[in-house]
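Contents: one structure, followed by commentary.
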Amino acid sequence: MTATERVIPPRRWDPVIKLTHWGIVAAILVNGLVTEEGSGPHVWVGYALAATLALRLIWGVIGPAEARFTAFPPSPARALAHIREIAAGKRVEHASHNPLGALMVYAIWSVLGVIVVTGVLMASAPAKPESGSHAAQPASATQRLERDSAREEDGREEGREAGEEHEEGPLAEIHETAVNLLYGLIVLHIAGVVFETRRSGRRIVIAMLPGGR
Ligand code: HEM
Ligand code: HEM
């Protein structure tokens with residue numbers, strides 16, 4: 001038995017890892033499926049997502065051994081070696097994410113970073129003043145969207161001029177593209193989790209659940 005093939009006890013994720021994982025999953029689901037794009041709730045859920053991600057990243061420096069970035073460095077060379085091990089039917093245990101999973105984790109975090117930065121910039125940017133009388137004051141994207149939905153509620157939406165529709169700026173384009181990229185990564189991540197569960201026979205999803213190991 002080589003050093004890399006030695007038996008390592010089942011992975012244990014600490015509560016911060018579990019809480020941040022499912023917190024981020026919940027925020028993405030809520031913003032992707034429930035909140036109205038750019039609305040107040042969308043932005044607040046977005047800030048909660050940003051805070052949760054920040055907590056996880058700080059944990060990557062100060063947390064327990066298996067949570068630290070040093071336990072799962074982003075290394076394409078190690079990921080390739082891992083693919084070769086899979087192809088050869090070799091079972092190698094890893095104390096943290098396996099090298100392929102690690103690349104996926106950094107990809108997801110990077111894309112989330114782009115979504116958060118573009119979202120926060122849009123939410124804090126003053127909107128272009130409209131020509132209408134009650135739009136003389138600059139408003140944040142959130143205020144603008146809240147005002148738009150208030151108009152919809154009181155039936156004035158249909159009276160909007162065609163030119164009043166807000167344009168999609170480059171930030172919105174980047175935000176949306178990153179969101180679509182994130183959805184692609186999530187599909188691959190879940191496929192990876194299913195594959196790894198079947199290959200290793202380890203209950204890695206249970207290990208990510210409260211009380212599971
Ligand atoms: C991962 C979670 C998120 C998802 C799935 C998501 C999804 C979207 C989508 C699909 C749009 C429409 C983009 C477009 O107009 O083309 C949008 C817009 C927007 N999002 Fe997010 N978003 C997320 C996170 C955030 C965060 C973290 C913030 C800020 C804290 C944010 C703030 C905004 C704002 C202000 C807009 C309005 C853009 C506009 O004025 O057109 N979003 N979001
Ligand atoms: C919005 C969807 C999801 C996103 C963005 C996401 C993202 C992530 C991230 C960033 C990690 C690394 C955790 C860390 O080190 O802090 C991770 C790990 C993990 N996720 Fe997800 N996840 C999602 C959905 C799911 C679902 C639905 C499942 C279960 C079916 C799942 C199961 C796991 C497992 C088991 C791990 C640990 C993998 C390992 O043992 O190395 N994830 N996920």
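Counting starts at 1 for both ligands and their atoms, following the listed order. Keep in mind that the numbers below use all heavy atoms, side chains included, and drop hydrogens, waters and symmetry copies.
The closest approach between any non-hydrogen atom of Val105 and ligand 2 is below 4.0 Å. Proximity of Trp59 to ligand 2 is not established, as no heavy-atom distance is less than 4.0 Å.
At a heavy-atom distance under 4.0 Å, only side-chain atoms of Val179, from C-beta outward, approach ligand 1. When heavy-atom distances to ligand 2 are checked against a 4.0 Å cut-off, Trp22 comes that close only through its side chain, counted from C-beta outward. Counting heavy atoms closer than 4.0 Å to ligand 2, residue Glu196 contributes nothing at all.
With hydrogens and angles disregarded, no donor-acceptor distance shorter than 3.5 Å links the side chain of Trp13 to the backbone of Glu66.
In this structure, the side chains of Asn31 and Leu49 stay at 4.5 Å or more apart for every pair of heavy atoms.
Between His189 and ligand 2, an N or O atom pair is found at a separation short of 3.5 Å. Ligand 1 has no N or O atom lying under 3.5 Å from any N or O atom of Tyr47, backbone or side chain.
Every atom of ligand 2 is numbered from 1 in the order shown, and the set under 4.0 Å from a heavy atom of Ile28 is 1 (C), 5 (C). Distances below 4.0 Å separate heavy atoms of Gly46 from the following atoms of ligand 1: 26 (C), 27 (C), 30 (C). Less than 4.0 angstrom separates some heavy atom of Tyr183 from each of these atoms of ligand 1: 5 (C). If you number the atoms of ligand 1 from 1 as listed, the ones under 4.0 Å from a heavy atom of Leu49 come out as 1 (C), 2 (C).
Draw a line from atom 21 (Fe) of ligand 1 to NE2 of His175 and another to NE2 of His42, and the angle between them is 180° (to 10°).
To the nearest 0.5 Å, atoms CE (Met122) and CG (Leu171) are separated by 6.0 Å.
Atom 14 (C) of ligand 2 has its nearest heavy-atom neighbour, among Glu66, Arg56, His94, in Arg56. The heavy atom nearest to atom 20 (N) of ligand 2, considering only Met104, Arg68, His21, Met208, is found in His21.
Aromatic ring pairs are classed by plane angle as parallel below 30°, tilted from 30° to 60° and perpendicular above 60°; the pair His82 and His94 is perpendicular.
Environment of CH2 in Trp44: sparse, with no more than 12 heavy atoms of neighbouring residues, nucleotides or ligands closer than 6.0 Å.
When every heavy atom of His175 is checked against every heavy atom of His42, the shortest pair comes out as NE2-NE2, 4.1 Å.
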